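Numbers here simply count residues along the sequence, with the first being 1. None of the values given here were measured: they were computed from a predicted structure.
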Amino acid sequence: MLRRTPPALAVALLLCVPGNGAWAGSPGRQVAVVDQASRSVLVLQSAEELMAYRGPDRLPVVWAWSADRAPELADLAPARSWTGPDEAKSRVRQGRRYLLTTASGGLAAVVETATGRVHWAADLGAAANPHSIELLPDGNVAVAASSGGWVRLYAASQGPRAAAYAEFPLPGAHGVHRDARTGLLLVLGDTSLTALRVGGTPAAPTLAEVRSTPLPAPGGHDLAAVSASPGRFWVTTSAGLWRYDPAADRFTAVHLADPAAERDLKSVGDEPGTGRLLTVAPDHTAPCDWCTSVITLHRPEGARVLRGTHLYKARWWSVR
């Protein structure tokens with residue numbers, strides 16, 4: 001996942017998006033995409049606006065962020081560590097909205113969207129291949145690294161470069177999400193979904209396993225809350241899409257109109273209020289075998305090509 005975008009294409013795309021800075025859009029039902037072509041997280045207009053988009057006009061971007069345009073990250077060598085951005089989440093803590101993002105090149109960062117300032121960041125190394133990230137109520141940050149085979153809870157509350165962490169080994173770690181109802185940290189690996197209890201102090205956190213449930217199929221990739229059913233979670237594997245109920249400790253298969261659309265999903269989420277699903281799956285074509293330029297909606301069905309992009313994930317951009 002470490003190939004570089006041709007410079008001419010990257011520059012062309014960057015000319016079409018606003019630079020790092022204050023949030024220009026209103027909170028709501030926008031869509032955030034991780035675009036490896038422009039090396040940016042792009043927040044796009046609503047699903048309706050996207051379905052109306054025909055290209056090749058400028059993408060309907062309301063806000064964008066890239067480590068390449070964040071001078072305060074120069075010490076973390078973003079030209080290298082920001083290669084292959086692969087995650088974007090929206091979280092609100094103490095009334096402030098944050099972008100949570102990672103990159104296969106090693107960077108993990110939490111960015112305040114109102115100002116563009118970096119709350120916390122670290123270079124975890126390309127060998128770790130960070131794939132997902134979560135912000136805890138105390139300001140600490142959990143990161144899942146697939147090649148590293150671990151989930152770490154960083155004491156990010158202690159400063160913007162805080163490096164102390166607790167570690168839990170998890171082969172193929174791809175997803176991490178805090179269950180707001182229980183306070184447990186759910187972590188997704190190649191073959192299991194594990195619940196961890198956070199202990200210790202903000203300066204010296206600890207992680208302890210509460211339970212671990214085998215996945216119904218191998219290749220765990222994405223983990224996200226089900227907006228329409230608080231307390232339940234979306235889980236994607238190489239071969240399918242599932243809904244997980246922690247209370248029953250049970251997975252239920254979720255079927256889409258096109259069975260092929262259930263496989264190899266890099267991200268999934270339901271729109272708050274409507275339940276409409278948003279997914280991204282790779283095209284498996286050059287020059288980015290793991291990416292696509294298509295975002296897909298389900299229930300009702302719809303798809304849109306965002307020309308010139310190499311999308312890895314897409315998420316509803318809302319308050320949680």
Side-chain angles (χ1 to χ4, degrees), residues 1-4 20 34-36 39-41 65-89 91 98-112 117-136 138-178 185-190 194 196 198 200 202-207 220-223 266-267 290-291 312-313 315:
M1 194 175 297
L2 299 180
R3 299 179 192 170
R4 283 193 175 276
N20 292 9
V34 183
D35 177 30
Q36 295 188 356
R39 294 167 57 93
S40 300
V41 173
W65 186 87
S66 172
D68 294 330
R69 302 189 294 279
E72 66 270 42
L73 294 180
D75 61 308
L76 301 181
R80 171 189 53 77
S81 65
W82 183 239
T83 300
D86 54 25
E87 181 63 287
K89 293 180 178 179
R91 292 292 184 267
Y98 294 93
L99 161 70
L100 281 56
T101 188
T102 57
S104 292
L107 188 68
V110 177
V111 182
E112 186 179 356
R117 288 196 294 266
V118 177
H119 166 73
W120 175 84
D123 176 9
L124 310 181
N129 196 5
H131 248 73
S132 194
I133 184 171
E134 181 64 287
L135 178 64
L136 275 62
D138 63 4
N140 285 349
V141 174
V143 181
S146 60
S147 299
W150 47 252
V151 174
R152 289 177 179 173
L153 179 56
Y154 283 88
S157 59
Q158 305 305 297
R161 292 292 186 275
Y165 61 83
E167 181 173 310
F168 179 80
L170 183 67
H174 267 80
V176 56
H177 189 101
R178 180 179 180 272
L185 199 62
L186 299 184
V187 294
L188 179 67
D190 276 338
T194 301
L196 304 176
V198 176
T206 61
L207 293 172
H221 197 282
D222 196 32
L223 171 66
K266 298 299 185 185
S267 64
W290 52 86
C291 298
Y312 189 73
K313 287 179 180 174
R315 301 202 185 280

Exercise for review: Using modelled atom types only, decide if a donor and an acceptor are shared between the side chain of Asn140 and the backbone of Ala156 within a distance under 3.5 Å.
Suggested key: yes
Point to revise | Shortest non-hydrogen contact from Ala145 toward Ala128 | key: CB-O, 3.2 Å
Study note, to complete from the structure: Residues Ala67 and Leu107: closest non-hydrogen pair is CB-CD2, 3.6 Å
Practice item. Flag the pair Arg315 / Asp222 as yes when at least one side-chain heavy-atom distance between them is below 4.5 Å, and no otherwise. Key: yes
Practice item. Could you pull out all residues at least two apart from His221 that satisfy ring pair (Phe, Tyr, Trp, His ring centres under 6.0 Å)? Key: His131, His174, Tyr312
Review point. Between Val198 and Leu207, does a side-chain contact (heavy atoms from CB on, under 4.5 Å) hold up when you go through it step by step?
Key: CA-CA 5 Å; Val198 176; Leu207 293 172; 4.0 Å; yes
Review point. Taking all atoms of both residues into account, what is the closest heavy-atom pair of Leu124 and Ala108, and its distance?
Key: CD1-CB, 4.2 Å
Practice item. With sequence neighbours left out, write down each residue that passes side chain to side chain contact (heavy atoms under 4.5 Å, CB included) with Ala173, or none if nothing qualifies. Key: Ala144, Val151, Leu170
Check your understanding: Are Leu100 and Val141 side-chain neighbours, meaning at least one heavy-atom pair lies under 4.5 Å?
Key -> no
**Study point:** Salt-bridge contact Lys266-Asp86 (side-chain N to carboxylate O under 4.0 Å)
**Key:** no
**Study point:** Which atom of Ala142 lies closest to which atom of Val176, heavy atoms considered
**Key:** CB-CG2, 3.9 Å
Review point. With no hydrogens and no angle check, is any side-chain donor or acceptor of Ser81 less than 3.5 Å from a backbone partner on Leu76?
Key: yes
Practice item. Can you sort out the partners of Phe168 under ring pair (Phe, Tyr, Trp, His ring centres under 6.0 Å), two or more places apart, ordered by chain and number? Key: none
Practice item. Could you check if a side-chain atom of Arg161 sits within less than 4.5 angstrom of a side-chain atom of Asp75, using non-hydrogen atoms only? Key: yes
**Study point:** Check: Gly200 main-chain N/O paired with Thr206 side-chain donor or acceptor under 3.5 Å
**Key:** yes
**Study point:** Those residues that, when tested against Arg117, pass side chain to side chain donor-acceptor pair (under 3.5 Å) (two or more places apart)
**Key:** none
Point to revise | Residue pair Leu153 / Leu136, side-chain heavy-atom distance below 4.5 Å | key: yes
Point to revise | Verdict with supporting geometry, Leu135 and Lys89, side-chain contact (heavy atoms from CB on, under 4.5 Å) | key: CA-CA 10 Å; Leu135 178 64; Lys89 293 180 178 179; over 6 Å; no
Check your understanding: How are the rings of Trp120 and Tyr154 set relative to one another: parallel (under 30°), tilted (30 to 60°) or perpendicular (over 60°)?
Key -> tilted
**Study point:** Side-chain (Glu134) to main-chain (Arg178) donor-acceptor, under 3.5 angstrom
**Key:** yes
Review point. Any idea which heavy atoms bring Tyr165 and Ala163 closest together, and the distance?
Key: CD2-O, 3.3 Å
Exercise for review: If a pair satisfies salt bridge (charged side-chain N to carboxylate O under 4.0 Å, His left out) and one of its residues is in residues 138-157, list it, with sequence neighbours excluded.
Suggested key: Arg152-Glu167
Review point. Would you say Ser147's side chain and Asn129's backbone share a donor-acceptor pair under 3.5 angstrom?
Key: no
Point to revise | Minimum heavy-atom distance between Leu73 and Ala121, given as atom pair plus value | key: CD2-CB, 3.6 Å
Review point. Looking at residues at least two apart in the chain, or sitting in another chain, which of them share a side chain to side chain contact (heavy atoms under 4.5 Å, CB included) with Glu72?
Key: Ala70, Val118
Point to revise | Qualifying residue, where the test is side-chain hydrogen bond (donor to acceptor under 3.5 Å, both in side chains) with Glu87 and the options are Ser267, Ser132, Ser104 | key: Ser132
Review point. Taking the side chain as C-beta and beyond, is there a heavy-atom pair between Leu188 and His177 under 4.5 Å?
Key: no
